[in-house]
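In what follows, a single structure is set out as structure tokens and then discussed.
In this text, all values refer to a predicted model and were calculated from it rather than measured experimentally. Just so it is clear, the values below take in all heavy atoms, side chains as well, and ignore hydrogens, waters and symmetry mates. Just so we're on the same page: letters track the sequence lines, and every chain starts at 1.
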Protein chains: 2
Amino acid sequence: MTMIYKTQKPDLAKRTVPPSMVSSGVVIALRPRQRLGLARGSEQVFVVRSGMVYLEAMPQATSRQILDLYYPGDVIKEQSIPQIPGANLIAVQTGEVVRLNAQRLQALVEGDPDARRFLDNAMAHQYPRRLAHLAMLGALTGEERVASLLMELALRVGEAGPDRARTFDIPLSRTEMADYLSLNADTLSRIMSKLRQTGVLGATGRGRGYAPHFDALCRITPLAETITALHVNRPA
Amino acid sequence: MTMIYKTQKPDLAKRTVPPSMVSSGVVIALRPRQRLGLARGSEQVFVVRSGMVYLEAMPQATSRQILDLYYPGDVIKEQSIPQIPGANLIAVQTGEVVRLNAQRLQALVEGDPDARRFLDNAMAHQYPRRLAHLAMLGALTGEERVASLLMELALRVGEAGPDRARTFDIPLSRTEMADYLSLNADTLSRIMSKLRQTGVLGATGRGRGYAPHFDALCRITPLAETITALHVNRPA
DNA sequence: GAATTGCCTTGATGGGGATCAACCGCAACA
DNA sequence: TGTTGCGGTTGATCCCCATCAAGGCAATTC
């Protein structure tokens, strides 16, 4: 099991954006809900340094779907965004991304094995996360999906407390969480209430989450191990 | 529009597996429903030369989800398959894949720009297809999802007939289609019947599809343009 | 302090698709 | 010719979640 895990996540250190890439691009400071301009013709590439960004789409006028969630170290190629109605990149919180021109990046990468490895590594992380997301939407109930997302956030941006407790930020709004999980915001709210009532979640301020016993949260979703493998930074 | 399309699909010719890659790997002949062995530790890479392969997972004992569908020119890295219960690669029909060792492939690619370009290009195609799949499951109704898959198959493995008609193979079984679309097989069958009754589909033998007027099929799904951009080989 | 706005919560109701069951057509096989 | 099994189809019923509506709560504005 441990071995599998190791092959999955080659190296965490590689997820820091290499200086060569930063210096050949433009650093953009992000504010909450800021839109990152998509200009398909220009073939831009964004690299997340800090904060959190998502890709939304609106297949119908009435329904938004959040397709992808980007964390520090993730790479967003405009080329990899399908031609889909209402595609938008949106920052969740304050942070920084580096914007690069695809051709220039290509040239940079030819002579810079570090940058090359960084890019390959980013893709190797992001693709399986999308597959897991797919499995969530396709095969899990509402409550299981919510637990999966909470696990993900807790592992990504949470601090471990004593006695298997975990506190973590929830930078996404209810609507955003719902659109990521393909749930109705009302339904999501109900599920969150239920989790609080059953003691899986504790009371917190807005934008924060608290799991008094993290394992209880994990037990809800059948994909607990999958999510752990994808989002844990170092073996717990 | 046309310009966007061009940037999306850089070059079709690059989707033929380079000879250097074939010769440094093992060619495997596929028979319908054959399982491709996954051996996580060994870090294999499969490249599809012909036929069709899918990745399945079983988050629960009762529900299977088909996560990914691979066409000729697609690349399957074991590293990019999440650690998910019941992960399996399965061939849909007769075909051929090349199996390569990841380290060896890495070495090959260092000195072979063609191979490098082929790999990059494959990923640039596959990632947006997964995002579109996600949008389908997340935001479309059953009927819309089915129409989307039929469009995909018609564009991938179909022949255009006179008068905007299209005939195409449906190599996937009903169960497989249902698991790809996250529908119940019964429900899928009902939807197919309805499409036949409304004249969107014509009568065919098993494993074949016939759309007397392809546009009628496209009109059903809000993602028609997305799917066209992702699966058309050359501008229609 | 009242009004406004955005976000979240909660209740009542309905619909899309899952589930369970029966049946059909067809191929494989003794 | 009967049997067995698989894949597909169709009907009856049920449930999870979407939808609609109302109300709570906090921050902001006048």
Side-chain angles (χ1 to χ4, degrees), chain A residues 32-33 58-66 90 92-93 136-150 169-198 201 203-209 220-222, chain B residues 32-33 58-66 90 92-93 136-150 169-198 201 203-209 220-222:
Chain A
R33 272 73 209 177
M58 301 215 45
Q60 326 252 28
T62 57
S63 76
R64 176 176 76 157
Q65 177 67 44
I66 292 184
I90 298 187
V92 175
Q93 50 189 174
M136 285 168 57
L137 299 198
L140 302 193
T141 66
E143 187 174 348
E144 290 165 346
R145 286 182 233 173
V146 174
S148 303
L149 175 56
L150 292 176
D169 283 328
I170 305 184
L172 298 169
S173 75
R174 289 286 187 270
T175 307
E176 288 166 334
M177 292 174 68
D179 291 342
Y180 179 77
L181 299 173
S182 188
L183 284 174
N184 187 290
D186 304 9
T187 303
L188 174 65
S189 179
R190 263 181 271 271
I191 292 173
M192 294 289 285
S193 301
K194 187 186 165 194
L195 291 179
R196 242 178 279 117
Q197 278 159 25
T198 54
L201 291 184
T204 52
R206 191 170 280 210
R208 296 280 295 169
I220 296 177
T221 165
Chain B
R33 272 70 210 178
M58 301 214 44
Q60 327 252 28
T62 57
S63 76
R64 175 176 77 157
Q65 176 67 44
I66 292 184
I90 298 186
V92 175
Q93 50 188 175
M136 284 167 57
L137 298 198
L140 303 193
T141 65
E143 187 175 347
E144 291 166 345
R145 286 182 232 172
V146 174
S148 303
L149 175 56
L150 292 176
D169 282 328
I170 304 183
L172 298 169
S173 75
R174 288 287 188 270
T175 307
E176 288 167 334
M177 291 174 69
D179 290 343
Y180 179 76
L181 298 173
S182 187
L183 284 173
N184 188 291
D186 304 5
T187 304
L188 175 66
S189 179
R190 263 180 271 270
I191 292 173
M192 294 290 286
S193 301
K194 186 185 165 195
L195 291 179
R196 242 177 279 116
Q197 278 158 26
T198 53
L201 291 183
T204 51
R206 189 171 280 211
R208 297 280 295 170
I220 296 177
T221 165

Original post:
What does A/T187 touch in the nucleic acid at a heavy-atom separation under 4.0 angstrom: a base, only the sugar-phosphate, or nothing?
Top reply: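 Base contact - A/T187 has a heavy atom under 4.0 Å of at least one base atom.
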**OP:** Using a heavy-atom cut-off of under 4.0 Å over every strand shown, decide if B/S189 touches base, sugar-phosphate, or nothing.
**Re:**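 Here B/S189 touches the bases of the nucleic acid.
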**OP:** Considering only heavy atoms of chain A and a distance under 4.0 Å, specify the first and last nucleotide of DNA chain D in 5' to 3' order that meet this criterion.
**Re:** D/dC17 to D/dA21
**OP:** Would you confirm whether A/R33, through its side chain, and A/V92, through its main-chain N or O, come within 3.5 Å as a donor-acceptor pair?
**Re:** yes
From [atom1] ([X]) to [atom2] ([Y]), nearest 0.5 Å:
{"X": "B/L137", "Y": "B/R145", "atom1": "CG", "atom2": "CZ", "result": "6.0 Å"}
{"X": "A/M136", "Y": "A/Y180", "atom1": "CE", "atom2": "OH", "result": "5.5 Å"}
{"X": "B/L150", "Y": "B/I220", "atom1": "CG", "atom2": "CD1", "result": "8.5 Å"}
{"X": "B/M177", "Y": "B/L149", "atom1": "CE", "atom2": "CG", "result": "4.5 Å"}
{"X": "B/S148", "Y": "B/L140", "atom1": "OG", "atom2": "CG", "result": "5.0 Å"}
{"X": "B/Q65", "Y": "B/L181", "atom1": "CD", "atom2": "CG", "result": "8.5 Å"}

**OP:** Heavy atoms of chain A, cut-off under 4.0 Å: which first and last nucleotide of DNA chain C, 5' to 3', fall inside that, if you could look?
**Re:** C/dC7 to C/dA12
Subject >> Those residues of residues 170-185 of chain A lying under 4.0 Å from DNA chain C by at least one heavy atom >> reply: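 Listed by number, they are A/S173, A/R174, A/T175.
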Subject >> Strand-adjacent residues in residues 137-147 of chain A, judged by heavy atoms under 4.0 Å from DNA chain C >> reply: none
Side-chain polar contacts of residues 184-197 of chain B - donor-acceptor pairs under 3.5 angstrom, sequence neighbours left out - could you list them?
| residue | atom | partner | partner atom | Å |
| --- | --- | --- | --- | --- |
| B/N184 | OD1 | B/D186 | N | 2.7 |
| B/S193 | OG | B/S189 | O | 2.9 |
| B/K194 | NZ | B/E143 | OE1 | 2.9 |

Subject >> Residues which pass side-chain hydrogen bond (donor to acceptor under 3.5 Å, both in side chains) with A/T141, listed by chain and number, not counting sequence neighbours >> reply: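 With sequence neighbours excluded, A/T141 shows a side-chain hydrogen bond (donor to acceptor under 3.5 Å, both in side chains) to A/E144, given in chain and number order.
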**OP:** Could you pull out all residues at least two apart from A/R174 that satisfy side-chain hydrogen bond (donor to acceptor under 3.5 Å, both in side chains)?
**Re:**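 Checked A/R174 against side-chain hydrogen bond (donor to acceptor under 3.5 Å, both in side chains); zero matches.
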Subject >> Heavy-atom pair of closest approach, residues B/P59 and A/A139 >> reply: CG-CB, 3.7 Å
Original post:
Where is the tightest heavy-atom contact between B/I66 and B/E176, given as atom of each residue plus distance?
Top reply: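 Distance-wise, the nearest heavy atoms are CD1-O, 3.4 Å.
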Subject >> Contacts of B/Q93 that satisfy side-chain contact (heavy atoms from CB on, under 4.5 Å) - sequence neighbours left out >> reply: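 Scan of B/Q93 (side-chain contact (heavy atoms from CB on, under 4.5 Å), adjacent residues dropped) gives B/M52, B/P171.
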